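Keep in mind it's a predicted model, so treat the numbers as computed, not measured.
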Amino acid sequence: DVAISFVDVITAGACTDAYTITRTYTATDNCGNTAGFVQTITVEDTTAPSISSTLTANITVECDAVPVGDNSAASGSDNCDTDVAISFVDVITGGVCTDAYTITRTYTATDNCGNTANFVQTITVEDTRSPSISSTLTANITVECDAVPVGDNSAASGSDNCDTDVAISFVDVITAGACTDAYTITRTYTATDNCGNTANFIQTITVEDTTSPSISSTLTADITVECDAVPVGDNSTASGTDNCDTDVAISFVDVITGGVCTDAYTITRTYTATDNCDNTADFIQTITVEDTTSPSISSTLN
(Lines give C-alpha, C1' and ligand atoms only; values in the text may rest on other atoms or scores of the structure.)
Protein backbone atom coordinates (compact mmCIF):
# COMPACT_ATOMS: atom_id res chain seq x y z
CA ASP A 1 0.00 0.00 0.00
CA VAL A 2 2.14 2.86 -1.36
CA ALA A 3 1.55 6.13 0.57
CA ILE A 4 0.71 9.29 -1.41
CA SER A 5 1.38 12.82 -0.14
CA PHE A 6 1.76 16.25 -1.68
CA VAL A 7 3.40 19.59 -0.97
CA ASP A 8 2.49 22.99 -2.44
CA VAL A 9 5.07 25.67 -3.15
CA ILE A 10 3.50 29.04 -3.95
CA THR A 11 5.29 31.61 -6.06
CA ALA A 12 3.87 35.10 -5.93
CA GLY A 13 2.81 36.69 -9.18
CA ALA A 14 2.00 40.20 -10.35
CA CYS A 15 -0.81 40.67 -7.81
CA THR A 16 -2.36 39.09 -4.77
CA ASP A 17 -4.72 36.84 -6.70
CA ALA A 18 -2.28 35.89 -9.49
CA TYR A 19 0.39 33.37 -8.50
CA THR A 20 1.79 29.91 -9.27
CA ILE A 21 1.34 26.74 -7.22
CA THR A 22 3.93 24.03 -7.76
CA ARG A 23 2.19 20.97 -6.33
CA THR A 24 4.39 17.86 -5.93
CA TYR A 25 2.70 14.51 -5.31
CA THR A 26 5.02 11.85 -3.84
CA ALA A 27 4.53 8.06 -3.77
CA THR A 28 6.49 6.36 -0.90
CA ASP A 29 6.85 2.61 -0.39
CA ASN A 30 7.51 0.80 2.84
CA CYS A 31 11.23 1.17 2.43
CA GLY A 32 11.21 4.88 1.79
CA ASN A 33 11.67 4.75 -1.93
CA THR A 34 9.83 7.60 -3.65
CA ALA A 35 8.52 8.74 -6.96
CA GLY A 36 7.14 12.21 -7.71
CA PHE A 37 4.54 13.88 -9.91
CA VAL A 38 4.67 17.65 -10.25
CA GLN A 39 1.60 19.71 -11.14
CA THR A 40 2.05 23.43 -11.94
CA ILE A 41 -1.11 25.47 -11.26
CA THR A 42 -1.06 29.00 -12.69
CA VAL A 43 -3.63 31.09 -10.86
CA GLU A 44 -4.91 34.25 -12.51
CA ASP A 45 -7.58 36.88 -11.89
CA THR A 46 -9.11 38.14 -15.11
CA THR A 47 -12.63 38.65 -13.86
CA ALA A 48 -13.61 42.24 -13.19
CA PRO A 49 -15.49 43.04 -10.02
CA SER A 50 -19.04 44.35 -10.11
CA ILE A 51 -20.03 47.79 -8.83
CA SER A 52 -23.31 49.15 -7.53
CA SER A 53 -24.36 52.53 -6.20
CA THR A 54 -27.21 54.22 -4.35
CA LEU A 55 -26.76 57.23 -6.65
CA THR A 56 -28.93 58.31 -9.58
CA ALA A 57 -26.99 58.11 -12.81
CA ASN A 58 -28.12 61.47 -14.25
CA ILE A 59 -29.05 64.44 -12.08
CA THR A 60 -29.47 68.19 -12.51
CA VAL A 61 -28.67 70.48 -9.62
CA GLU A 62 -28.31 74.18 -8.86
CA CYS A 63 -24.76 75.47 -8.71
CA ASP A 64 -24.93 75.81 -4.91
CA ALA A 65 -26.12 72.21 -4.45
CA VAL A 66 -23.43 70.18 -6.22
CA PRO A 67 -23.03 66.89 -4.33
CA VAL A 68 -19.58 66.02 -3.06
CA GLY A 69 -18.08 62.79 -4.32
CA ASP A 70 -18.34 60.06 -1.69
CA ASN A 71 -16.71 56.64 -2.04
CA SER A 72 -19.24 55.16 0.37
CA ALA A 73 -21.97 55.84 -2.20
CA ALA A 74 -20.69 52.89 -4.25
CA SER A 75 -19.65 49.37 -3.41
CA GLY A 76 -17.95 46.50 -5.21
CA SER A 77 -17.97 42.72 -5.11
CA ASP A 78 -15.49 40.32 -6.64
CA ASN A 79 -14.98 36.60 -7.24
CA CYS A 80 -11.68 36.68 -5.30
CA ASP A 81 -11.20 40.00 -3.52
CA THR A 82 -13.32 40.39 -0.39
CA ASP A 83 -12.45 44.06 0.04
CA VAL A 84 -12.83 45.77 -3.31
CA ALA A 85 -11.41 49.34 -3.36
CA ILE A 86 -13.70 52.23 -4.45
CA SER A 87 -12.41 55.52 -5.84
CA PHE A 88 -13.83 58.31 -8.01
CA VAL A 89 -12.63 60.91 -10.49
CA ASP A 90 -14.45 64.04 -11.65
CA VAL A 91 -14.14 65.39 -15.19
CA ILE A 92 -15.64 68.87 -15.58
CA THR A 93 -16.91 70.14 -18.92
CA GLY A 94 -17.55 73.86 -19.18
CA GLY A 95 -21.01 75.09 -20.11
CA VAL A 96 -22.50 78.35 -21.29
CA CYS A 97 -21.32 80.26 -18.22
CA THR A 98 -19.08 79.93 -15.18
CA ASP A 99 -21.69 78.36 -12.91
CA ALA A 100 -23.28 76.07 -15.51
CA TYR A 101 -21.22 73.01 -16.37
CA THR A 102 -21.24 69.21 -16.37
CA ILE A 103 -19.45 66.89 -13.96
CA THR A 104 -18.81 63.37 -15.20
CA ARG A 105 -18.14 61.54 -11.94
CA THR A 106 -16.75 58.04 -12.45
CA TYR A 107 -16.74 55.67 -9.48
CA THR A 108 -14.33 52.76 -10.00
CA ALA A 109 -14.26 49.40 -8.21
CA THR A 110 -10.77 47.88 -8.35
CA ASP A 111 -9.89 44.37 -7.21
CA ASN A 112 -6.51 43.10 -6.01
CA CYS A 113 -5.31 42.50 -9.55
CA GLY A 114 -6.33 45.82 -11.03
CA ASN A 115 -9.50 44.60 -12.73
CA THR A 116 -12.05 47.39 -12.70
CA ALA A 117 -15.72 48.20 -13.10
CA ASN A 118 -17.18 51.70 -13.37
CA PHE A 119 -20.33 53.51 -12.38
CA VAL A 120 -20.70 56.86 -14.10
CA GLN A 121 -22.82 59.65 -12.68
CA THR A 122 -23.49 62.68 -14.88
CA ILE A 123 -24.20 65.83 -12.86
CA THR A 124 -25.61 68.73 -14.86
CA VAL A 125 -24.99 71.93 -12.93
CA GLU A 126 -27.10 75.00 -13.73
CA ASP A 127 -27.65 78.48 -12.37
CA THR A 128 -31.25 79.60 -12.74
CA ARG A 129 -31.56 81.79 -9.66
CA SER A 130 -31.36 85.55 -9.92
CA PRO A 131 -29.10 87.41 -7.53
CA SER A 132 -30.53 89.85 -5.01
CA ILE A 133 -29.77 93.57 -5.06
CA SER A 134 -29.81 96.17 -2.33
CA SER A 135 -29.02 99.86 -2.27
CA THR A 136 -28.39 102.70 0.13
CA LEU A 137 -30.37 104.98 -2.20
CA THR A 138 -33.91 106.30 -1.78
CA ALA A 139 -36.14 104.93 -4.50
CA ASN A 140 -37.92 108.20 -5.34
CA ILE A 141 -36.29 111.61 -4.93
CA THR A 142 -36.87 115.16 -6.16
CA VAL A 143 -33.89 117.42 -6.74
CA GLU A 144 -33.04 120.80 -8.21
CA CYS A 145 -31.59 120.74 -11.69
CA ASP A 146 -28.14 121.68 -10.35
CA ALA A 147 -28.15 118.87 -7.78
CA VAL A 148 -28.77 115.79 -9.91
CA PRO A 149 -26.86 112.87 -8.34
CA VAL A 150 -24.37 111.05 -10.52
CA GLY A 151 -24.96 107.35 -10.98
CA ASP A 152 -22.61 105.32 -8.80
CA ASN A 153 -22.30 101.54 -9.01
CA SER A 154 -21.01 101.44 -5.45
CA ALA A 155 -24.42 102.66 -4.26
CA ALA A 156 -25.82 99.19 -4.91
CA SER A 157 -24.61 95.70 -4.11
CA GLY A 158 -25.60 92.22 -5.09
CA SER A 159 -25.49 88.78 -3.53
CA ASP A 160 -25.94 85.43 -5.21
CA ASN A 161 -26.23 81.75 -4.39
CA CYS A 162 -23.09 80.97 -6.42
CA ASP A 163 -21.36 84.12 -7.65
CA THR A 164 -19.25 85.78 -4.96
CA ASP A 165 -18.59 88.90 -7.03
CA VAL A 166 -21.88 90.05 -8.54
CA ALA A 167 -21.44 92.79 -11.15
CA ILE A 168 -23.35 96.07 -10.73
CA SER A 169 -24.20 98.43 -13.59
CA PHE A 170 -26.74 101.16 -14.21
CA VAL A 171 -28.60 102.76 -17.09
CA ASP A 172 -30.40 106.12 -17.16
CA VAL A 173 -33.56 106.71 -19.16
CA ILE A 174 -34.51 110.38 -19.33
CA THR A 175 -38.09 111.50 -19.88
CA ALA A 176 -38.54 115.14 -20.85
CA GLY A 177 -40.71 117.35 -18.67
CA ALA A 178 -42.37 120.73 -19.03
CA CYS A 179 -39.09 122.52 -19.76
CA THR A 180 -35.44 121.89 -20.50
CA ASP A 181 -34.31 121.71 -16.88
CA ALA A 182 -37.32 119.79 -15.55
CA TYR A 183 -37.35 116.10 -16.42
CA THR A 184 -37.35 112.62 -14.95
CA ILE A 185 -34.45 110.17 -14.75
CA THR A 186 -35.32 106.50 -14.38
CA ARG A 187 -32.05 105.06 -13.13
CA THR A 188 -31.96 101.27 -13.14
CA TYR A 189 -29.22 99.53 -11.20
CA THR A 190 -28.74 95.91 -12.29
CA ALA A 191 -27.02 93.08 -10.43
CA THR A 192 -25.77 90.40 -12.85
CA ASP A 193 -24.35 87.04 -11.82
CA ASN A 194 -21.91 84.83 -13.72
CA CYS A 195 -24.70 83.25 -15.76
CA GLY A 196 -26.50 86.45 -16.75
CA ASN A 197 -29.29 86.20 -14.19
CA THR A 198 -30.28 89.70 -13.08
CA ALA A 199 -32.08 91.71 -10.43
CA ASN A 200 -32.93 95.42 -10.61
CA PHE A 201 -33.21 98.37 -8.26
CA ILE A 202 -34.94 101.37 -9.80
CA GLN A 203 -34.46 104.93 -8.61
CA THR A 204 -36.79 107.60 -9.98
CA ILE A 205 -35.19 111.06 -9.90
CA THR A 206 -37.59 113.94 -10.49
CA VAL A 207 -35.57 116.96 -11.60
CA GLU A 208 -37.11 120.41 -11.25
CA ASP A 209 -36.05 124.02 -11.66
CA THR A 210 -37.69 126.28 -9.10
CA THR A 211 -34.78 128.67 -8.61
CA SER A 212 -35.04 132.07 -10.30
CA PRO A 213 -32.05 133.44 -12.15
CA SER A 214 -30.29 136.59 -10.98
CA ILE A 215 -30.08 139.74 -13.08
CA SER A 216 -27.58 142.58 -13.14
CA SER A 217 -27.29 145.72 -15.26
CA THR A 218 -24.85 148.44 -16.16
CA LEU A 219 -27.76 150.92 -16.02
CA THR A 220 -28.66 153.38 -13.30
CA ALA A 221 -31.98 152.48 -11.76
CA ASP A 222 -33.46 156.00 -11.71
CA ILE A 223 -32.54 158.65 -14.26
CA THR A 224 -34.01 161.94 -15.48
CA VAL A 225 -33.53 162.96 -19.11
CA GLU A 226 -34.67 165.61 -21.53
CA CYS A 227 -37.42 164.55 -23.89
CA ASP A 228 -34.96 164.51 -26.80
CA ALA A 229 -32.51 162.25 -24.95
CA VAL A 230 -34.60 159.27 -24.00
CA PRO A 231 -32.36 156.17 -24.10
CA VAL A 232 -33.43 153.27 -26.24
CA GLY A 233 -33.97 149.98 -24.47
CA ASP A 234 -31.03 147.63 -24.99
CA ASN A 235 -31.01 143.97 -23.85
CA SER A 236 -27.22 143.96 -23.81
CA THR A 237 -27.24 146.39 -20.87
CA ALA A 238 -28.49 143.57 -18.60
CA SER A 239 -27.31 140.01 -18.05
CA GLY A 240 -28.54 137.00 -16.14
CA THR A 241 -27.01 134.05 -14.36
CA ASP A 242 -28.79 130.86 -13.34
CA ASN A 243 -28.12 127.67 -11.39
CA CYS A 244 -28.84 125.56 -14.48
CA ASP A 245 -29.32 127.67 -17.59
CA THR A 246 -26.03 128.88 -19.09
CA ASP A 247 -27.72 131.22 -21.57
CA VAL A 248 -30.34 133.23 -19.72
CA ALA A 249 -32.63 135.20 -22.02
CA ILE A 250 -32.98 138.99 -21.48
CA SER A 251 -35.98 141.02 -22.58
CA PHE A 252 -37.54 144.33 -21.63
CA VAL A 253 -40.92 146.03 -21.54
CA ASP A 254 -41.67 149.75 -21.27
CA VAL A 255 -44.69 151.07 -19.41
CA ILE A 256 -45.29 154.80 -20.02
CA THR A 257 -47.10 156.97 -17.50
CA GLY A 258 -48.25 160.41 -18.71
CA GLY A 259 -47.04 163.55 -16.97
CA VAL A 260 -48.05 167.24 -16.85
CA CYS A 261 -47.57 167.65 -20.58
CA THR A 262 -47.02 165.64 -23.71
CA ASP A 263 -43.23 165.61 -23.46
CA ALA A 264 -43.02 165.07 -19.75
CA TYR A 265 -43.75 161.51 -18.70
CA THR A 266 -42.29 158.47 -16.95
CA ILE A 267 -41.00 155.29 -18.52
CA THR A 268 -40.90 152.23 -16.26
CA ARG A 269 -38.51 149.96 -18.17
CA THR A 270 -38.44 146.43 -16.82
CA TYR A 271 -35.60 144.16 -17.90
CA THR A 272 -36.41 140.48 -17.30
CA ALA A 273 -34.01 137.53 -17.07
CA THR A 274 -35.81 134.28 -17.95
CA ASP A 275 -34.28 130.81 -17.55
CA ASN A 276 -35.16 127.63 -19.43
CA CYS A 277 -38.06 126.89 -17.11
CA ASP A 278 -39.52 130.42 -17.17
CA ASN A 279 -38.27 131.40 -13.75
CA THR A 280 -37.64 135.15 -13.85
CA ALA A 281 -35.83 138.02 -12.19
CA ASP A 282 -36.38 141.73 -12.95
CA PHE A 283 -34.31 144.88 -13.05
CA ILE A 284 -36.42 148.06 -13.19
CA GLN A 285 -35.17 151.33 -14.54
CA THR A 286 -37.35 154.39 -13.98
CA ILE A 287 -36.76 157.07 -16.63
CA THR A 288 -38.24 160.47 -15.82
CA VAL A 289 -38.64 162.42 -19.04
CA GLU A 290 -38.98 166.20 -18.83
CA ASP A 291 -39.02 169.15 -21.16
CA THR A 292 -37.21 172.12 -19.64
CA THR A 293 -35.75 173.53 -22.81
CA SER A 294 -37.48 176.56 -24.29
CA PRO A 295 -38.17 176.62 -28.00
CA SER A 296 -36.49 179.13 -30.30
CA ILE A 297 -38.45 181.68 -32.33
CA SER A 298 -37.79 183.49 -35.60
CA SER A 299 -39.87 185.95 -37.60
CA THR A 300 -40.04 187.62 -41.03
CA LEU A 301 -41.30 190.86 -39.47
CA ASN A 302 -39.27 194.11 -39.29
**Donor on one side chain, acceptor on other, Ser134 and Ser157, under 3.5 Å** = yes

**The single option from Asp209, Asp242, Asp181 passing side chain to side chain donor-acceptor pair (under 3.5 Å) against Asn276** = Asp181

**Side-chain donor or acceptor of Gln121 paired with backbone N/O of Thr106 under 3.5 Å** = no

**Prompt:** Any sub-3.5 Å donor-acceptor pair from Tyr271's side-chain atoms to Asp234's backbone N or O?
**Reply:** yes

**Prompt:** Taking everything shown except Tyr19 itself, do over 12 heavy atoms lie less than 6.0 Å from its OH?
**Reply:** no

**Message:** Has Asp275 got a side-chain atom pairing as donor or acceptor with Thr280's backbone, closer than 3.5 angstrom?
**Reply:** no

**Prompt:** Within the distance-only criterion (no hydrogens, no angle test), does the side chain of Ser53 pair as donor or acceptor with the backbone N or O of Leu55 below 3.5 angstrom?
**Reply:** yes

**Message:** If only side-chain N and O atoms count, and only distance matters, is there a donor-acceptor pair under 3.5 Å linking Thr40 with Thr22?
**Reply:** no

**Item:** SG atoms of Cys162 and Cys63 less than 2.5 angstrom apart
**Value:** yes

**Asked** Are Ile174 and Ile141 connected in the hydrophobic side-chain network, where two residues link if heavy atoms are under 4.5 Å apart?
**Response** yes

**Residues Ser50, Ser77; criterion side chain to side chain donor-acceptor pair (under 3.5 Å); working and verdict** = CA-CA 5 Å; Ser50 62; Ser77 61; 2.6 Å; yes

**Item:** Expected output: side-chain Asp254 to main-chain Ile267 donor-acceptor under 3.5 Å
**Value:** no

**Message:** Is a donor from one side chain sitting under 3.5 angstrom from an acceptor on the other, for Glu144 and Thr210?
**Reply:** yes

**Request:** Apply salt bridge (charged side-chain N to carboxylate O under 4.0 Å, His left out) to Arg129 and Asp193, showing your working.
**Result:** CA-CA 9 Å; Arg129 293 180 189 171; Asp193 69 15; over 6 Å; no

